[in-house]
There are 4 protein chains.
Amino acid sequence: MSSIRTATLLMHCPDQPGLIANVTDFLSGFGANIIDLEQHVDRAQGVFFMRVNWELEGFTMSAEALNEAFEQKLAKRFDMVWQLHYDPRPQRMALFVSKISHCLYDLLSRWQAGEWRVDIPLVISNHETLRPVVEQFGLPYHYFPITPENKAEQEAKELALLKQHEVDFVVLARYMQVVSPQLIETFPHRIINIHHSSLPAFAGAKPYHAAHARGVKTIGATCHYVTESLDAGPIIEQDVARISHRDSIEELVRKGQDLEKVILARGILAHLRHKTLVYQNRTIVFS
Amino acid sequence: MSSIRTATLLMHCPDQPGLIANVTDFLSGFGANIIDLEQHVDRAQGVFFMRVNWELEGFTMSAEALNEAFEQKLAKRFDMVWQLHYDPRPQRMALFVSKISHCLYDLLSRWQAGEWRVDIPLVISNHETLRPVVEQFGLPYHYFPITPENKAEQEAKELALLKQHEVDFVVLARYMQVVSPQLIETFPHRIINIHHSSLPAFAGAKPYHAAHARGVKTIGATCHYVTESLDAGPIIEQDVARISHRDSIEELVRKGQDLEKVILARGILAHLRHKTLVYQNRTIVFS
Amino acid sequence: MSSIRTATLLMHCPDQPGLIANVTDFLSGFGANIIDLEQHVDRAQGVFFMRVNWELEGFTMSAEALNEAFEQKLAKRFDMVWQLHYDPRPQRMALFVSKISHCLYDLLSRWQAGEWRVDIPLVISNHETLRPVVEQFGLPYHYFPITPENKAEQEAKELALLKQHEVDFVVLARYMQVVSPQLIETFPHRIINIHHSSLPAFAGAKPYHAAHARGVKTIGATCHYVTESLDAGPIIEQDVARISHRDSIEELVRKGQDLEKVILARGILAHLRHKTLVYQNRTIVFS
Amino acid sequence: MSSIRTATLLMHCPDQPGLIANVTDFLSGFGANIIDLEQHVDRAQGVFFMRVNWELEGFTMSAEALNEAFEQKLAKRFDMVWQLHYDPRPQRMALFVSKISHCLYDLLSRWQAGEWRVDIPLVISNHETLRPVVEQFGLPYHYFPITPENKAEQEAKELALLKQHEVDFVVLARYMQVVSPQLIETFPHRIINIHHSSLPAFAGAKPYHAAHARGVKTIGATCHYVTESLDAGPIIEQDVARISHRDSIEELVRKGQDLEKVILARGILAHLRHKTLVYQNRTIVFS
């Protein structure tokens with residue numbers, strides 16, 4: 001999984017017999033050796049979903065040619081919504097942070113250790129708090145204080161910066177600001193957020209306080225794509241940790257942060273590996 | 001834990017120094033050998049919580065005498081809310097069911113295998129569906145069909161039956177009816193329900209359908225005491241199971257039922273062992 | 001997943017390009033609508049694994065004809081090891097038990113509730129202990145006491161009974177006897193055992209005692225296919241439950257039994273759905 | 001739990017009635033307000049275990065005086081093995097590392113973020129690999145290459161350094177060297193190791209390779225105190241993560257490292273909070 005170069009095709013379309021044979025025939029014709037294929041039909045909706053991953057070694061077609069041929073020969077015919085990923089360079093991930101550091105440390109550490117094939121061209125924040133952490137890791141830190149008055153203007157500058165750095169996707173690593181529709185439209189299903197509860201429970205502000213007040217026995221974390229509905233975007237990954245009546249709110253926060261780090265990292269990795277596909281506000285996460 | 005006879009004291013009161021020493025001194029004075037004591041202070045609220053469990057062998061005081069002495073010498077002085085449990089006979093648990101059988105089978109099997117120290121004097125249902133299951137296990141089955149018109153009358157009969165059978169607590173093992181305030185008042189914090197979601201997410205009807213529609217990655221189950229607020233009573237136990245986009249609603253139901261059985265059984269066992277204490281809609285569950 | 005009739009093909013072979021296209025072309029040629037296909041290549045070993053599941057409605061070929069055609073046109077050519085499952089009738093599962101009842105109750109309850117598409121033609125035991133449980137569920141119970149002297153003879157009778165009842169696979173639901181090589185050869189990768197530890201830890205007798213002595217913080221259960229090496233067969237499913245220093249051995253047993261029931265049921269269901277494929281003492285479990 | 005100063009008493013002794021009353025009477029006499037007490041008796045062994053945690057505000061006795069008085073009035077009389085922890089300064093934790101960075105990053109990040117009340121006076125390694133990571137966090141890095149010839153000499157230098165820095169306990173954060181008996185004797189139950197399997201499964205080298213070969217469905221991590229028996233010391237914390245047949249050894253390593261970080265951190269925190277007590281190679285971990 002690590003060293004070889006592969007390409008990935010993600011797709012969905014109305015179900016009908018022969019789809020797999022048509023797609024795999026097509027790829028085999030250009031020398032593709034498929035190493036991972038996962039397909040299923042949502043029978044209630046009549047929709048076909050598939051992810052195909054094949055070795056680039058021995059594959060005789062360029063990304064451009066493949067895009068063109070696939071569109072002409074298959075996508076139009078079967079009414080497919082599809083993405084092709086060749087990844088000639090590491091994907092470029094921008095981080096947005098505020099004042100809380102645990103997710104930031106975790107992501108910077110994974111990046112510096114080379115755990116994932118990813119670049120972090122910049123970190124953006126609405127506070128100066130975490131500048132020393134980011135600069136210690138040798139990365140550029142951009143400070144954009146946000147007020148109701150300057151919000152639109154500042155976000156336009158952020159967006160320009162993201163484009164200038166050729167950012168592929170954005171991670172809100174406990175960024176305590178609602179992002180603008182413009183940013184969301186520019187990066188559709190490419191802004192990843194971590195929410196500190198198991199959604200839909202405790203959406204909104206201060207979920208650990210709400211969890212403590214309700215007396216729950218588990219706390220959760222949810223990694224999801226950002227849409228215009230707050231905390232309601234398609235879920236990529238989520239899980240819970242057990243707590244007890246002895247846990248104060250401070251303890252919930254502490255236990256929750258360990259969970260947030262892991263859940264956010266898993267969600268990002270699924271995205272990086274092109275294992276996610278959004279369909280009607282649900283995320284298919286291939287295994 | 002299994003064979004020896006023990007007594008249990010559960011209590012809470014305003015915190016002050018010396019509480020543990022006073023209570024343990026008192027018990028030691030009558031020969032109690034404490035085998036399990038768990039205490040903690042909720043500092044945010046200034047409340048002291050404690051559970052003490054001691055061997056009855058060698059203990060020189062009857063339940064009645066202890067009740068009287070504890071009230072006079074300690075409870076009044078420290079403003080304690082407390083319960084004493086001697087359990088000279090197995091507790092008597094009534095089951096309420098409707099049409100879904102998995103929790104019922106699980107509880108009847110545990111009872112017949114002698115897994116817990118509990119008696120089941122009767123099973124009550126608003127349908128005839130599960131009569132064969134209950135009678136196969138040799139237990140009496142009482143059928144009370146409920147309509148808006150007869151609800152009050154039927155529940156009065158059920159209540160009379162519960163009293164006649166000296167029932168200690170009631171388990172709603174997927175009973176699909178809201179129980180009356182009268183029943184709840186008669187068994188305060190002694191009616192245990194299993195809800196098929198991780199509350200507060202997906203309270204109310206059809207939680208698996210709602211979970212599927214939201215595209216969550218975990219489903220849950222919650223065991224809680226019934227109060228007059230629907231699905232809002234103090235939580236005893238809850239947990240989740242992982243699901244994927246491939247799971248249809250039928251699969252969610254199937255995976256969820258395995259979880260419901262385990263969570264309900266854990267909640268009942270905590271109650272049977274006098275490990276639960278409700279304080280302001282939260283359940284302390286001693287370990 | 002529940003109501004429609006499907007067929008399943010499981011296979012592995014040396015990897016080479018074009019395998020998926022060849023198989024799916026072949027099936028499409030006879031009208032198969034594939035609803036679930038999962039494939040991957042173990043690159044370290046160069047082996048291709050695949051499971052294909054398609055609707056039988058609209059599929060124009062009988063099981064016999066398909067078997068013949070697949071062998072001739074594909075299996076020989078690509079050196080495939082493969083199985084085809086049409087399941088015209090529910091699979092027939094025999095249970096072996098000794099004196100411990102929790103897994104037995106769980107399986108009989110699932111069977112009686114119609115949770116799975118399976119028949120249980122008989123239960124075999126080396127003790128009389130659980131006869132009342134089995135007969136209460138209306139199933140035949142066969143008692144074969146085993147001594148070193150009569151073991152071979154008794155197992156020959158058991159085997160005859162299994163054949164007479166057209167048993168498809170055997171579940172050792174806490175059967176406390178080593179089964180004979182002859183039985184294992186007759187049901188290759190079709191005898192399922194539940195071991196009360198997370199193998200390879202605590203193989204052999206009394207795993208809960210060993211776990212307690214070692215002071216572990218989790219206990220486990222493992223569902224695996226039986227091979228001639230004790231507790232060393234291919235693992236289908238396993239998981240753990242958290243315990244603490246407060247748990248006596250009796251408590252470990254109690255907590256472990258809840259886990260055993262769930263893990264065994266999951267393993268059996270994977271087998272029933274033809275989601276398992278054994279390769280070199282490892283079990284592929286398709287999702 | 002966070003801001004107030006507390007003291008902690010950990011103890012075990014032969015069980016007899018009156019122990020709790022005697023200890024809590026004694027502490028109350030000097031104004032202790034106990035905020036957390038957990039006690040239990042191991043009935044199989046007849047041993048009494050207790051942890052008492054009380055506020056230092058209002059407590060009238062110094063650590064020295066308390067030590068003296070407790071020994072004279074209680075410990076001798078009841079044959080107690082006990083520890084008293086006042087923690088006037090943060091505990092001092094030394095890290096030992098080799099070439100693998102994930103646990104190191106995680107611990108340095110927690111330290112720099114002030115998550116725990118702990119100081120890290122130095123990091124020791126048998127390789128130069130991780131020097132840049134440690135120095136980036138502003139901490140001293142000491143390099144002691146180890147060969148069979150110089151091992152004793154180098155470890156003597158390490159030990160001198162630990163003493164000079166007044167180190168309270170040592171964490172082997174994936175340190176790939178067996179530590180000497182001398183180091184273990186100097187820090188009895190104060191050297192914490194993380195092993196990358198769920199012990200006792202896959203003790204020794206290359207546990208992920210062994211797990212892959214056995215075809216397990218979960219991988220684990222274990223945090224334990226180091227004793228002279230390799231990978232056999234008292235377990236503080238352990239847990240598992242689910243894997244599948246699709247996971248290569250590289251994937252097992254990746255998933256396992258996320259688990260190692262969390263399990264090691266939980267084990268260290270239990271130690272820092274004086275919640276651990278070793279008795280006969282088992283660790284009591286108070287809740």
Side-chain angles (χ1 to χ4, degrees), chain A residues 38-45 47 49 197-203 207 210-225 232-250 263 266-267 270 275-287, chain B residues 38-45 47 49 197-203 207 210-225 232-250 263 266-267 270 275-287:
Chain A
E38 190 177 328
Q39 173 270 349
H40 82 285
V41 172
D42 183 323
R43 293 179 49 81
Q45 304 200 82
V47 182
F49 298 94
S197 79
S198 192
L199 292 171
F202 309 122
H212 190 264
R214 178 62 185 91
V216 292
K217 299 300 179 191
T218 58
I219 50 169
T222 305
C223 178
H224 65 96
Y225 288 115
I235 294 169
I236 308 170
E237 173 65 306
Q238 63 185 163
D239 212 340
V240 303
R242 293 187 68 80
I243 57 165
S244 91
H245 60 275
R246 301 169 84 108
D247 291 315
S248 62
I249 290 172
E250 291 72 32
I263 296 298
R266 281 192 211 151
K275 296 200 161 181
T276 62
L277 184 57
V278 173
Y279 182 78
Q280 291 185 347
N281 210 44
R282 303 172 77 225
T283 313
I284 313 298
V285 184
F286 294 97
S287 54
Chain B
E38 192 177 329
Q39 173 270 349
H40 81 286
V41 171
D42 183 323
R43 292 180 50 81
Q45 304 198 82
V47 183
F49 296 94
S197 80
S198 191
L199 293 172
F202 308 122
H212 190 264
R214 178 62 186 92
V216 292
K217 298 303 180 191
T218 57
I219 50 168
T222 305
C223 179
H224 66 93
Y225 288 115
I235 294 169
I236 309 170
E237 173 65 307
Q238 64 186 161
D239 212 341
V240 303
R242 293 186 69 81
I243 57 165
S244 91
H245 61 274
R246 300 169 84 109
D247 290 316
S248 62
I249 291 173
E250 290 72 33
I263 295 300
R266 281 192 210 150
K275 296 199 161 183
T276 61
L277 184 56
V278 173
Y279 183 77
Q280 291 184 347
N281 211 44
R282 304 171 77 226
T283 312
I284 314 299
V285 183
F286 294 97
S287 55

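Below, all heavy atoms of this structure are taken into account, side chains as well, without hydrogens, waters or symmetry copies. Residue numbering restarts at 1 for every chain, and letters A, B, ... go by the order of the sequence lines. What you see is a predicted model, and the numbers here were worked out from it, not measured in a lab.
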Would you sort out whether A:H245 and B:D42 count as a side-chain contact (heavy atoms from CB on, under 4.5 Å), showing the intermediate values? CA-CA 9 Å; A:H245 60 275; B:D42 183 323; over 6 Å; no
Residue among B:V240, B:L199, B:N281, B:I235 with most heavy-atom pairs under 4.5 Å to chain A: B:I235
With a 4.5 angstrom heavy-atom cut-off, which part of A:Q45 approaches chain B: side chain, backbone, both or neither? neither
Who among A:S198, A:G220, A:G233 has the most heavy-atom pairs with chain B under 4.5 Å? A:G233
Regarding B:D239 and A:K217, does a basic nitrogen lie under 4.0 Å from an acidic carboxylate oxygen? no
What part of A:H212 gets closer than 4.5 Å to chain B, counting heavy atoms only: side chain, backbone, both or neither? both
Which bit of A:T218 is near chain B, if near means a heavy-atom gap under 4.5 Å: side chain, backbone, both or neither? both
Residue part contacting chain B, namely of A:A213, when any heavy atom lies under 4.5 Å: backbone
What residue, out of A:A211, A:A44, A:S197, A:A232, has the most heavy-atom pairs lying under 4.5 Å from chain B? A:A232
What part of A:I249 is in contact with chain B, defined as an atom under 4.5 angstrom from a non-hydrogen atom: side chain, backbone, both or neither? neither
Please round to the nearest 0.5 Å and tell me the distance separating atom CZ of B:R246 and atom CD1 of A:I284. 10.0 Å
Interface residue of largest heavy-atom contact number with chain B, from A:H224, A:H40, A:R242, under 4.5 Å: A:R242
